[in-house]
Amino acid sequence: MALSPDDYHSVDRQEGLQLKNIHAFFKVLSNNFPYLCSMKKKLCLSLMLLCLSTVVPAQQLADYHIVPKPMTLIMDEQSAPCPLASLKRISVDSRNDLQTEATLLADYLRELTGLSLPIVSEKKRSPGCIRLHIDTSLPHPEGYCIQVRKNGIDIAGGTSGGVFYGIQALRKSLPPAPADSILLPTALLSDSPRFSYRGMHLDICRHFFGPEFVKQYLDMMALHGMNTLHWHITDDQGWRIEIKKYPLLTEIGAWRSGTVVGRNTGLYDNQRYGGFFTQDEARDIVRYAADRHITVIPEIDMPGHMTAALAAYPQYGCTGGPYEVVRDWGVFDEILCAGNDSVYTFVNDILDELIDIFPSTYIHLGGDEAPRTRWKECPRCQQRIRDEHLADADGQHGEDHLQGYFIRRIEKHMLERGRKIIGWDELMDCNVDSSATIMSWRGTEGGIAAAERGHDVIMVPTSVAYFDYYQKPESDWSKPLLIGGYVPIEKVYDFEPAPDSLSFSTRRHIIGTQANLWTEYITCKELAEYQLLPRMAALAETQWAAPDAKDYGDFSRRLPQLLRLYGQQGWKYCR
């Protein structure tokens, strides 16, 4: 029997089919009418539904309710949407150098939708393309503006970085589906980040993660609009960067004889463990990051957390060793000898090689968790305290002032080479130059005090920014073995790095926030992904959005769209 338009619409409602061209459907139907009349209606409908579902994909709308939430989203309900498959090229303004961004956009589209677009250079906008260009009239250099029209998409940025963040916004708006099934509603969306420093930290010392995962980490950061990787590459448990002048740092310091089982149980697996990045590999990471508008800041922690270095060069410790690359987790007494002049040559040589690899304005010197035990017993350190008049004062011992002397001496070397230092909030006890940036990890109070004294500050308090902590409550039996603590995603989202209660002069020195992934208990990439996601999304919105624009309920409704993209990438995440 013949199908009427009413029959078709009934099928459409029941099965969810959406046809590009209903007239084409009825043309097929009429051409096969005699055959169809000989079939039972139910069988006929089933066969047609099977054929149509194979040939004509269901249409899916792009959704601009993304994370971070755009500052401006204006939907044009009156205009027809833009079919993604109707776009034939990526057009780069010939006056701008945006080839890298265009190539990444082409890769994202191919990966998500199967759409393969050529890249062309054009001076003016024309229909049928995704156009990338720089618009210096945008109020923020990292800001973006996306205009979706029925016949094309325009992505503008204040700089190439802004264009890149616009590309990420478009990428997050698209469903992972065939291109010919995707429609983009006509709309205008724009955004710009609240903070200039939007970071993530990665420790590759406690457990080693090689180039493939570090690049994946950078891809995760790029998706979330983050622009700084704080790369922790040396510690007691392993030295992870090649230094050509001191080859034993990697020959000896990059390897430990085993790793503790559990939480410092005294039991060890006795398996040799380690690895390191060559300088060429590190440069490749820097280039990969730069393509994604991410700056890599390396951290060489000093004077503490240096046991792996001392295992390779024991002459730079107070006792002369022997030392062993540490197999446990924690804070250890073996630190650099601040009374030995050759130590400063050793450290400065290392930093000079780092400067050649990493073009970042900042180098992170750590400065945290440096016990004074050895300094109190070391004749050279005690002599240095006397020579530099570092006697007990201001509630601090001479050994405390000795760390200030140590850091200031290294800082002077860095400033002479046009670099600035970042360090943990213990540096506030070291009387460092105001050009030093402080990472406030022991709460926010140290950061506020540093900002009041004119230091730029990055807020990374353990209570919200330590992603090695649990994200499920203690009662949840399914959680993996981790270091401890509890940082649920709600707490990350609600964090306010620069509250209005602070004076304007203090708030302006709080330049951003990051989360830290320490890896004592992060043994594989899947667990790293699980610890990061989806908390990175909550952090990203804090880094981008003004406090009054944030709403956790609204964020929760937007998050599943991002989770689907995690799944498409094959990334594990906490559910």
Side-chain angles (χ1 to χ4, degrees), residues 205-206 232-239 243 246 248-249 252-257 260 264 266 299-351 364-413 421 423-432 441-442 520:
C205 303
R206 278 50 179 259
H232 188 80
I233 52 178
T234 69
D235 216 297
D236 296 298
Q237 295 82 8
W239 186 281
I243 302 297
Y246 299 98
L248 297 183
L249 287 172
I252 294 174
W255 307 91
R256 58 180 182 256
S257 61
V260 67
N264 288 352
E299 179 184 357
I300 304 289
D301 205 343
M302 61 183 75
H305 290 289
M306 271 281 183
T307 314
L310 294 177
Y313 294 95
Q315 64 268 36
Y316 300 125
C318 289
T319 68
Y323 305 101
E324 179 185 6
V325 181
V326 177
R327 301 184 295 166
D328 296 282
W329 317 127
V331 179
F332 303 93
D333 287 340
E334 307 305 339
I335 69 176
L336 295 174
C337 178
N340 183 351
D341 279 330
S342 64
V343 165
Y344 299 95
T345 302
F346 173 64
V347 169
N348 288 337
D349 287 343
I350 291 169
L351 292 172
H364 203 302
L365 298 187
D368 64 317
E369 298 176 332
R372 320 294 195 230
T373 307
R374 297 289 180 255
W375 287 358
K376 290 179 179 178
E377 302 166 352
C378 174
R380 286 181 295 187
C381 288
Q382 291 301 310
Q383 185 62 47
R384 180 79 68 187
I385 289 172
R386 290 189 291 270
D387 291 345
E388 299 295 334
H389 310 290
L390 303 175
D392 296 1
D394 304 323
Q396 291 185 312
H397 297 292
E399 291 79 19
D400 300 323
H401 293 294
L402 181 59
Q403 179 167 345
Y405 168 84
F406 179 96
I407 293 294
R408 289 193 303 275
R409 187 162 168 175
I410 303 301
E411 180 187 33
K412 182 175 181 291
H413 179 83
I421 68 168
W424 303 108
D425 53 38
E426 284 93 331
L427 261 61
M428 287 305 295
D429 301 329
C430 296
N431 195 28
V432 290
W441 71 280
R442 298 176 299 178
E520 287 93 335

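This is a predicted model, so every value here is computed, not measured.
Among residues two or more places apart in sequence or in another chain, the side chain to side chain donor-acceptor pair (under 3.5 Å) test is passed with Lys412 by Glu416. For Thr307, the side chain to side chain donor-acceptor pair (under 3.5 Å) partners at least two apart in sequence or on another chain are Asp236. Remark: Asp429 engages no residue in a side chain to side chain donor-acceptor pair (under 3.5 Å) (not counting sequence neighbours). With sequence neighbours excluded, the residues forming a salt bridge (Lys or Arg N to Asp or Glu O under 4.0 Å) with Asp400 are Arg372, listed by chain and number. Checked against salt bridge (Lys or Arg N to Asp or Glu O under 4.0 Å), Glu334 has the following partners two or more places apart in sequence or in another chain: Arg374. Partners of Arg408 by salt bridge (Lys or Arg N to Asp or Glu O under 4.0 Å), not counting sequence neighbours: none found. For Thr345, the side chain to side chain contact (heavy atoms under 4.5 Å, CB included) partners at least two apart in sequence or on another chain are Asp349. Residues satisfying the salt bridge (Lys or Arg N to Asp or Glu O under 4.0 Å) test with Glu399, not counting sequence neighbours, are none. Residues satisfying the side chain to side chain contact (heavy atoms under 4.5 Å, CB included) criterion with Gln383, sequence neighbours excluded, are Arg386, Asp387. For Trp255, there are no side chain to side chain donor-acceptor pair (under 3.5 Å) partners at least two apart in sequence or on another chain.
Scanning all heavy atoms of the two residues, the minimum distance from Ala370 to Pro303 falls at CB-CG, 4.1 Å. Pairing each heavy atom of Val343 with each of Cys337, the nearest pair is CG2-O, 3.3 Å. Shown here for Cys381 and Cys318, the closest heavy-atom pair between the two residues is SG-SG, 3.9 Å. Across all non-hydrogen atoms, the minimal contact from His232 to Cys205 is O-SG, 3.4 Å. Taking every heavy atom of both residues into account, Gly330 and His305 meet most closely at O-CE1, 4.0 Å. Considering every non-hydrogen atom in both Ala312 and Leu248, the closest pair reads CB-O, 3.2 Å.
The closest side-chain heavy-atom distance from Gln237 to Val326 is below 4.5 Å. Looking at heavy atoms from C-beta onward, Leu310 lies in side-chain contact with Leu336 at the 4.5 angstrom threshold.
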With side-chain contact (heavy atoms from CB on, under 4.5 Å) as the criterion, how do Ile350 and Trp239 come out once you've worked through the C-alpha distance, each side chain's angles and the decisive distance to 0.1 Å?
CA-CA 12 Å; Ile350 291 169; Trp239 186 281; 3.9 Å; yes
side-chain contact (heavy atoms from CB on, under 4.5 Å) for Ile407 and Ile421? Distances and angles first, verdict last.
CA-CA 10 Å; Ile407 293 294; Ile421 68 168; 4.2 Å; yes
Using the salt bridge (Lys or Arg N to Asp or Glu O under 4.0 Å) rule, take Asp341 and Arg409 through it: C-alpha gap first, then chi angles, then the decisive distance, then the call.
CA-CA 11 Å; Asp341 279 330; Arg409 187 162 168 175; 3.3 Å; yes
Trace of the side-chain contact (heavy atoms from CB on, under 4.5 Å) decision for Ile300 with Val347:
CA-CA 9 Å; Ile300 304 289; Val347 169; over 6 Å; no
Are Gln403 and Trp375 close enough, and set up right, to give a side-chain contact (heavy atoms from CB on, under 4.5 Å), and what steps lead you there?
CA-CA 10 Å; Gln403 179 167 345; Trp375 287 358; 3.9 Å; yes
Report the C-alpha distance between Gln315 and Ser342 in whole Å, list the side-chain angles of each, state the deciding distance to 0.1 Å, and finish with yes or no for side chain to side chain donor-acceptor pair (under 3.5 Å).
CA-CA 9 Å; Gln315 64 268 36; Ser342 64; over 6 Å; no
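Here salt bridge (charged side-chain N to carboxylate O under 4.0 Å, His left out) pairs that include residues 299-321, with residues two or more places apart or in two chains, number zero. Legend: ring-ring contact (aromatic ring centres under 6.0 Å, His included) pairs involving residues 387-409, not counting sequence neighbours, sorted by first then second residue: Tyr344-Phe406.
With Arg384 contributing its side chain and Gly339 its backbone, the two residues share a donor-acceptor pair below 3.5 Å. Using a distance-only test at 3.5 Å, with no hydrogens or angles considered, no donor-acceptor pair links the side chain of Arg380 to the main chain of Asn340.
Taking CG from Leu402 and CD from Gln396, the interatomic distance works out to 11.5 Å, rounded to the nearest 0.5 Å. Atom CG of Asp425 and atom CH2 of Trp441 lie 7.0 Å apart (nearest 0.5 Å). Going from atom OG1 of Thr234 over to atom NE2 of His364 covers 11.0 Å, rounded to the nearest 0.5 Å.
Between Tyr313 and Phe346, the ring-plane angle classifies as tilted under the 30° and 60° cut-offs.
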